[in-house]
**Q** 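This structure is in structure tokens; I'll ask about it shortly.
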Amino acid sequence: MSKSKDFLRTIVEEDLKSGKYKEVVTRFPPEPNGFPHIGHAKSICINFGIAKDYDGHCNLRMDDTNPTTEDTKYVEALKHAVEWLGFNWKDNVRFTSDYFPQIYNYAIELIKMGKAYVDSTNEEEMRSLRGTVTEPGRRSKYADRSVEENLDLFERMKKGEFKDGEHVLRAKIDMSAANMKMRDPLMYRIRHAHHYRAGDEWSVYPMYDFAHCLSDYIEGVSHSICTLEFENNRDVYNWVLDTLGLSLRPYQHEFARLGINYTVMSKRKLLELVNGGQVNGWDDPRMPTIAGYSRRGYTPESIRNFCDQIGIAKANSMVDVAQLEFCIRDDLNTKVPRVMCVLDPLKVTILNYEGTEELNASYYPEDVPKEGSRQIPFSKEIYIERDDFSENPPKGYFRLTPEQPVRLKHAYIITCKEIIKDSDGNIVEIKAEYSPDSKSGQDTSGIKVKSAIQWVDIKEARKVEVRVYDRLFKDEAPQGLEDVNPDSLHVIKNAFIEPAVITQKPDERFQFERQGYFYADPVDYTDVKPVFNKIVGLKDSYAKKKNTVEITPKPQAKKVQIDGEVVAMSDTEQTLFDKYTNELKLNSEVANTLARDEKLSSFYEESLATLNSPVNLANIVSNEVARELKEKQINELKFNARQIAALVKMIDDETISNKIAKQVFEEMVKSGEEPIKIVEAKGLIQISDPSKISPIIDEIIEKNPDNVTKFREGNTKLLGFFVGQVLKATGGKANPKVVNELLAQKLK
RNA sequence: UGGGGUAUCGCCAAGCGGUAAGGCAUCAGCUUUUGGUGCUGACAUUCGGGGGUUCGAAUCCCUCUACCCCAUCCA
């Protein structure tokens, strides 16, 4: 649990601490128009996870405002996905469609306020009136309709008096807004369609932008978490709630959606796979759907863990599928029984063995703290994996060869005596001999083997079907069907497994020793015809080494960045720039910053009138003041130019250090207090007396012997560490220049 | 092109002016009757590029670049 907090949890914590909300309420709000995939899992883990972490609650809400795409079967799949992942929603499942009456009333309220109007422009014209990203839009002629007319029209829209598309209800915001979403967004459209839940009651349906924020509000949601593509919609979200005067309301926060390499996540592309027959339905074990992972054998824990590991941020990213595979291996490693299964059988006859015996074997290796064992039948004729014998072994081969004995796991050591081939030269059988005194657990043979391999007794083994999956796409960032891997499914009809797996059924998931993790297919498995899905292979450093092709070292060409052209200065800016560099001796960068920004230059000039310290003044104005002026006007600032001059005066006098000056500045930004008062009140006067600083340094040096050694060994960047420690100990008041000098002497 | 975002190791990702966390992947070594697991170690003199401010910058300022989102009566 030492994991650092993500930005959402940081926000939630702050909001709880500040008392903005008493309780955190989140929601998972999918539209029930498709099957949930692992991207939904991320969202589920975030929303339910945050609610759980802060003792709040999370609702499951179907965002079902579009009657033409939604269906009950998706509602069920979504509910099941949340449950499968191990989360509980508060009370019943919510439906935006249940809020239709309330949402409708809010629309009426907006009309009455003159903030919404019925527009009867056709679709095409509306698009052209909306303008483009660079050109402002124009309002339609219907925007001036009276409140009464709007009310009347809207009611008749609801009653079903108009055809689809004849009218819409729009918010009256700003047709020239830079944010396209704010150009009088649509709030209602006419849809004469049957809603899977609301039936035929409604002829008008609210749009996402209107319904979502209100649904969040109605449910008392505090943190409305969604993906990055809704960033632009946030302004509408806020506009609706603010205009309606709804207080104690939710705020929207966005995170980056999940991408995994060799995988597609879009509903449309997933649907193409299903419809195109590339996979066998939504729950095909190769699909990145919850149903697919579940059928494949992934555990809810592993998916949750994965969502935890990848973190939450705002950068678009592509997670390596290896991270997911690690999670399922990691989970199953400590849980699942080990059994023996031969996928590609090669017959071995043990010439010197007669009769049969039962070998006792634990289901779990020593490092897994679980109990349980079974009997494994053993006799003269067994199967081993074809891969585990090599007539002409490559270097570093640990398994059975004509010269090299091998242990049969849980049984005896065997040695190859004869290789039987068919007329084509294919190996069909191995004749071997066993060492009677090499029995597992009581080996006195003294024979050293390099490896222990899995095997099954031919007579007692059960035939099983094993489905081995490879990644669905051959491209790391697949675009569509053209990138599908044609060999993503291998069905092995004649694999052989030890009988206890079928008769004892110690679990549903197994590790087939040395091969990977497998899952009894929940749909097709029967005792008569057992079917197993391969969940994931074991890590295989031998196969990896073998397959290592000399990858041509990429040319590592350091990417050259081309600098764009800087906009030329205007004449006035140029004059100012010249004055700053020539008369005031500012460096060109600072002069440039100041000269190009009218707010900054005027602020600077004003401060200069009070104090003749052009360079220091310029520095603080072009750096610190610039930050405050980015989104504000000068008259919105709590401090003024005279106060900045007073602050700089103290730096010039060496009353305070630059570091303290920044601290004082922060305070001025917040309170507008006089800098001198702040310095006095907080006792921030700089300590430059070496005799006061010296003992503190001694103490720090004494407390950090390791770092002192490292420093003396040449790790000079540690000087910063020591300076930091001393400054921390003095509340930032020590004169850093003095500290540096002293430190350099003492650490020598 | 206006606006809104984002850039830290091969892939994720912390970091909020004072020693560049952690996970995955990779590579070594030890352990091992799974070429698994476990353990140990290695793996960013540097944070998209360039400048500036500072004793000190991934963090503050300026500037450039690249990528993502927005002009559905979808969500």
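Labels below follow one simple rule: chain letters A, B, ... track the order of the sequence lines, proteins then strands, and each chain is numbered from 1.
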**Q** With sequence neighbours excluded, what pairs up with A:F326 under the side-chain contact (heavy atoms from CB on, under 4.5 Å) test?
**A**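 Partners of A:F326 under the side-chain contact (heavy atoms from CB on, under 4.5 Å) test: A:Q309, A:D330.
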**Q** Can you name the residues that form a side-chain hydrogen bond (donor to acceptor under 3.5 Å, both in side chains) with A:H253, not counting sequence neighbours?
**A**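 Residues passing side-chain hydrogen bond (donor to acceptor under 3.5 Å, both in side chains) with A:H253: none at all.
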**Q** Between A:K314 and B:C69, does any side-chain N or O lie under 4.0 Å from OP1 or OP2?
**A**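 Answer no for this pair, as no side-chain N or O of A:K314 is under 4.0 Å from OP1 or OP2.
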**Q** What pairs of nitrogen or oxygen atoms, one from the protein and one from nucleotides 55-58 of chain B, lie under 3.5 Å apart?
**A**
| unit_1 | atom_1 | unit_2 | atom_2 | d |
| --- | --- | --- | --- | --- |
| B:C55 | O2 | A:N740 | ND2 | 2.8 |

**Q** For A:D563 and A:Y517, take the nucleotide of RNA chain B holding the closest heavy atom to each; which residue's nucleotide lies nearer the 5' end?
**A**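 With A:D563 and A:Y517 compared, the 5'-side residue is A:Y517.
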**Q** Under 6.0 Å between ring centres, would you say that holds for A:F512 and A:F518?
**A**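 Close enough - the centres of the two rings lie under 6.0 Å apart.
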**Q** Can I get a per-line list of side-chain donor-acceptor pairs under 3.5 Å for residues 181-188 of chain A, giving both atom names and the distance, sequence neighbours left out?
**A**
| unit_1 | atom_1 | unit_2 | atom_2 | d |
| --- | --- | --- | --- | --- |
| A:R183 | NE | A:R130 | O | 3.0 |
| A:R183 | NE | A:M175 | O | 3.3 |
| A:R183 | NH1 | A:A177 | O | 2.5 |
| A:R183 | NH2 | A:R130 | O | 3.2 |
| A:R183 | NH2 | A:T132 | O | 2.6 |
| A:R183 | NH2 | A:E135 | O | 2.7 |
| A:D184 | OD1 | A:R139 | NH2 | 3.1 |
| A:D184 | OD1 | A:I173 | N | 2.7 |
| A:D184 | OD1 | A:D174 | N | 3.2 |
| A:D184 | OD2 | A:Y117 | OH | 2.6 |
| A:D184 | OD2 | A:R139 | NE | 2.9 |
| A:D184 | OD2 | A:R139 | NH2 | 3.4 |
| A:Y188 | OH | A:Y104 | N | 3.2 |

**Q** Counting only side-chain nitrogens and oxygens, does A:T593 get under 4.0 Å of the OP1 or OP2 atom of B:U63?
**A**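 Checking A:T593 against B:U63: no side-chain N or O falls below 4.0 Å of OP1 or OP2.
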**Q** What's the closest nucleotide to the A:S541 side chain, out of B:C24, B:C12, B:G35?
**A**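 My answer, after comparing the listed nucleotides, is B:G35.
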**Q** Going by side-chain contact (heavy atoms from CB on, under 4.5 Å), name the residues that satisfy it together with A:R257, two or more places apart in sequence or in a different chain.
**A**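 Scan of A:R257 (side-chain contact (heavy atoms from CB on, under 4.5 Å), adjacent residues dropped) gives A:T227, A:E229.
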**Q** Please determine whether a side-chain nitrogen or oxygen atom of A:N587 lies at a distance below 4.0 Å from atom OP1 or OP2 of B:U53.
**A**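 Answer is yes, contact under 4.0 Å.
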**Q** Could you list the residues that satisfy side-chain contact (heavy atoms from CB on, under 4.5 Å) with A:N66, not counting sequence neighbours?
**A**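 With sequence neighbours excluded, A:N66 shows a side-chain contact (heavy atoms from CB on, under 4.5 Å) to A:E31, A:T68, A:T69, A:E70, A:R189, A:R191, given in chain and number order.
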**Q** Looking for any heavy atom pair under 4.0 Å, which part of the strands does A:G516 touch: base, sugar-phosphate only, or nothing?
**A**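 It contacts nothing in the nucleic acid.
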**Q** Check A:I651, A:L647, A:V669 against A:V664 for a side-chain contact (heavy atoms from CB on, under 4.5 Å) and give me the one that passes.
**A**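 That would be A:L647.
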**Q** Using the side-chain heavy atoms of A:N232, tell me which of these nucleotides is nearest: B:G4, B:G35, B:U19.
**A**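 Nearest to the side chain of A:N232 among the choices is B:G4.
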**Q** Using the P atoms only, state how far B:U65 lies from B:U1, rounded to an integer number of Å.
**A**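 The answer is 10 Å between these two P atoms.
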**Q** Considering residues at least two apart in sequence or located in another chain, which fulfil the side-chain hydrogen bond (donor to acceptor under 3.5 Å, both in side chains) criterion with A:S128?
**A**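 Not a single residue meets the side-chain hydrogen bond (donor to acceptor under 3.5 Å, both in side chains) criterion with A:S128.
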**Q** When all nucleic acid strands are considered with a 4.0 Å heavy-atom cut-off, which category describes A:Q511: base, sugar-phosphate, or nothing?
**A**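 Base contact - A:Q511 has a heavy atom under 4.0 Å of at least one base atom.
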**Q** Classify the side chain of A:R399 versus the base of B:G35 as yes if they form a donor-acceptor pair under 3.5 Å and no if they do not.
**A**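 Counting by modelled atom types and ignoring angles, a donor-acceptor contact under 3.5 Å is found here.
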**Q** Does the base of B:U34 carry an N or O that pairs as donor and acceptor with the side chain of A:R514 under 3.5 Å?
**A**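 Donor-acceptor pair under 3.5 Å: no.
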**Q** With nearest nucleotides of RNA chain B determined for A:N179 and A:V368 from heavy-atom distances, which residue corresponds to the more 5′ nucleotide?
**A**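 On the 5' side of the pair lies A:N179.
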**Q** Kindly label the base of B:U53 as syn or anti, based on whether its glycosidic torsion lies within 90° of 0.
**A**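 Anti.
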**Q** Listed by chain and number, what are the side-chain hydrogen bond (donor to acceptor under 3.5 Å, both in side chains) partners of A:Y604, not counting sequence neighbours?
**A**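 Checked A:Y604 against side-chain hydrogen bond (donor to acceptor under 3.5 Å, both in side chains); zero matches.
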**Q** Assign a letter to each nucleotide of nucleotides 37-44 of chain B from its 5' end: B, base within under 4.0 Å of a protein heavy atom; S, sugar-phosphate only; -, no contact.
**A** B-------
**Q** Please confirm whether any donor atom in the side chain of A:N619 sits under 3.5 Å from an acceptor in the base of B:G52, or the reverse.
**A**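 Counting by modelled atom types and ignoring angles, no donor-acceptor contact under 3.5 Å is found here.
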**Q** Please name all residues satisfying side-chain contact (heavy atoms from CB on, under 4.5 Å) with A:K733, sequence neighbours left out, ordered by chain then number.
**A**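 For A:K733 the side-chain contact (heavy atoms from CB on, under 4.5 Å) partners, ignoring immediate neighbours, are A:I660, A:I687.
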**Q** Scan nucleotides 72-75 of chain B against the protein and return all N/O pairs shorter than 3.5 Å with their distances rounded to 0.1 Å.
**A**
| unit_1 | atom_1 | unit_2 | atom_2 | d |
| --- | --- | --- | --- | --- |
| B:U72 | OP2 | A:R127 | NH1 | 3.2 |
| B:C73 | OP2 | A:R130 | NH2 | 3.0 |
| B:C73 | O2' | A:R191 | NH2 | 3.4 |
| B:C73 | N4 | A:G165 | O | 3.0 |
| B:C74 | OP1 | A:R191 | NH2 | 2.9 |
| B:C74 | OP2 | A:R189 | NE | 3.2 |
| B:C74 | OP2 | A:R189 | NH2 | 3.1 |
| B:C74 | OP2 | A:R191 | NH1 | 2.9 |
| B:C74 | OP2 | A:R191 | NH2 | 3.1 |
| B:C74 | O3' | A:R189 | NH2 | 3.2 |
| B:C74 | O2' | A:N66 | ND2 | 3.1 |
| B:A75 | OP1 | A:T65 | OG1 | 2.7 |
| B:A75 | OP1 | A:R189 | NH1 | 3.4 |
| B:A75 | OP1 | A:R189 | NH2 | 2.8 |
| B:A75 | OP2 | A:Y208 | N | 3.1 |
| B:A75 | O3' | A:D63 | OD2 | 2.7 |
| B:A75 | N6 | A:K181 | NZ | 3.4 |

**Q** Quick one: which of B:G35, B:U34, B:A71 gets closest to the side chain of A:V133?
**A**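 Closest nucleotide among those given: B:A71.
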**Q** What is the ring orientation for A:F722 with A:F711, classed by angle as parallel under 30°, tilted 30 to 60°, or perpendicular over 60°?
**A**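 Answer is perpendicular, since the angle exceeds 60°.
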**Q** Do A:E254 and B:G5 share a donor-acceptor pair, side chain to base, under 3.5 Å?
**A**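 No such pair is found, so the answer is no.
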**Q** Is A:S440 touching bases, backbone alone, or none of the nucleic acid, heavy atoms closer than 4.0 Å?
**A**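 Base, at least one base atom sits under 4.0 Å.
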**Q** Distance check, C1' atoms only: B:A20 and B:G15, in whole angstrom units.
**A**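 The same atom, C1', in both gives a distance of 8 Å.
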**Q** Give a yes or no on whether a donor-acceptor pair under 3.5 Å exists between the nucleobase atoms of B:U63, that is its base, and the side chain of A:E589.
**A**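 Answer no: no donor N or O sits under 3.5 Å from an acceptor.
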**Q** Using side-chain hydrogen bond (donor to acceptor under 3.5 Å, both in side chains) as the criterion, list what pairs up with A:K439, not counting sequence neighbours.
**A**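 A:K439 satisfies side-chain hydrogen bond (donor to acceptor under 3.5 Å, both in side chains) with A:E357 once adjacent residues are dropped.
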**Q** Heavy atoms only, 4.0 Å cut-off, all strands: where does A:G441 land among base, sugar-phosphate and nothing?
**A**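 Touches a base.
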**Q** Quick test of the criterion, 5.5 Å between centres and less than 30° between planes. Is A:F398 stacked on B:G35 or not?
**A**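 By the stated criterion, A:F398 and B:G35 stack.
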**Q** So does A:K630 get a side-chain nitrogen or oxygen closer than 4.0 Å to the phosphate oxygens (OP1/OP2) of B:C61?
**A**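 For B:C61, OP1 or OP2 has a side-chain N or O of A:K630 closer than 4.0 Å.
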**Q** Under 3.5 Å, is there any donor-acceptor pair linking the side chain of A:K717 to the base of B:U46?
**A**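 Present.
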**Q** Would A:D443 and A:S438 count as having a side-chain donor-acceptor pair, cut-off 3.5 Å?
**A**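 Their side chains do not contain a donor-acceptor pair, so the 3.5 Å distance test is not met.
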**Q** Answer with base, sugar-phosphate or nothing: what part of the nucleic acid does A:F306 contact at a heavy-atom distance below 4.0 Å?
**A**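 No contact at all - A:F306 keeps every heavy atom at 4.0 Å or more from the nucleic acid.
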**Q** Which base sits across from B:U6 as a Watson-Crick or G-U pair, both distances under 3.5 Å?
**A**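 Paired with B:A66.
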